[in-house]
Amino acid sequence: MPTPQEPALSQNDDADEPPLAQARDWTVHRARITAPFSYLAPDGARRAIPKGPCLVEKMEGPRVEIVWGAQGQNSTALSLDEAALAESRGQLMRLD
C-alpha cells in the first residue's frame with residue numbers, strides 16, 4: 001500500500017530559529033557533529049555524541065533521533081529543542 005509523500009520543507013519567516021527548529025516536516029538528514037555534546041542516556045548517565053558524521057531523523061512529536069558510528073550502531077533520541085540548541089551552538093550541522 002503506498003504511503004503518503006512527506007510534505008516538502010517549507011521556508012519559515014522566523015529567521016531567529018535555527019534550521020532544525022524550522023524543519024518540522026523533514027524525515028532524515030545527513031549531518032555532522034562538529035563538537036561533542038552530551039545527552040542523557042536511558043540509564044540516567046550523561047554520555048557524549050562524538051565528532052563526526054551522523055543522521056538526524058524526525059520522530060513522532062517534537063523529537064529527533066541522532067544516529068552515529070561507523071555502521072550507525074549508536075543512537076539517541078533528543079527533543080527538537082535540544083537538537084536545535086546544539087545546532088545554534090555550532091555542535092550539530094545539517095549537510096542537506
Side-chain angles (χ1 to χ4, degrees):
M1 175 178 216
T3 59
Q5 186 177 16
E6 289 292 322
L9 179 64
S10 60
Q11 291 291 345
N12 187 329
D13 292 332
D14 190 353
D16 294 334
E17 284 190 6
L20 273 176
Q22 296 173 18
R24 303 211 187 260
D25 296 327
W26 47 258
T27 54
V28 178
H29 282 284
R30 293 178 304 126
R32 177 167 292 280
I33 303 296
T34 57
F37 68 92
S38 66
Y39 66 94
L40 189 60
D43 64 4
R46 279 252 173 241
R47 298 221 165 66
I49 300 174
K51 288 172 51 172
C54 66
L55 295 174
V56 179
E57 181 178 2
K58 178 71 172 79
M59 300 171 66
E60 285 293 317
R63 312 267 311 153
V64 295
E65 182 174 23
I66 310 287
V67 180
W68 72 95
Q71 286 130 12
Q73 70 272 21
N74 302 302
S75 68
T76 190
L78 301 174
S79 72
L80 191 55
D81 290 340
E82 289 175 294
L85 182 60
E87 185 178 38
S88 72
R89 290 179 174 166
Q91 296 169 304
L92 176 64
M93 180 174 64
R94 282 195 319 164
L95 301 176
D96 60 2

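The first residue of the sequence shown is numbered 1, and numbering continues consecutively from there.
Residues satisfying the side-chain hydrogen bond (donor to acceptor under 3.5 Å, both in side chains) criterion with S79, sequence neighbours excluded, are E82. Residues that satisfy the side-chain contact (heavy atoms from CB on, under 4.5 Å) test with A35, not counting sequence neighbours, are Q91.
Put simply, CG on L80 and CD on E87 are 9.5 Å apart, with the number rounded to the nearest 0.5 Å.
Nearest heavy-atom pair across V64 and A83 is CG2-CB, 3.6 Å. Residues M59 and A77 share a closest heavy-atom pair of SD-CB, 4.0 Å.
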For M93 and L95, what are the C-alpha separation, side-chain angles and deciding distance, and is it a side chain to side chain contact (heavy atoms under 4.5 Å, CB included)? CA-CA 6 Å; M93 180 174 64; L95 301 176; 3.8 Å; yes

Given the rule in the side chain to side chain contact (heavy atoms under 4.5 Å, CB included) test, do I66 and I49 qualify, once you have shown the distances and angles that lead to the verdict? CA-CA 9 Å; I66 310 287; I49 300 174; 4.1 Å; yes

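Each of L92, V28, L78 was scored for a side chain to side chain contact (heavy atoms under 4.5 Å, CB included) with V56, with one residue passing: L92.
A salt bridge (charged side-chain N to carboxylate O under 4.0 Å, His left out) check over residues 28-47, counting only residues at least two apart or in different chains, returns the pairs R30-D96, D43-R47. Applying the side chain to side chain donor-acceptor pair (under 3.5 Å) rule to pairs touching residues 67-77 yields E65-S75, sequence neighbours excluded.
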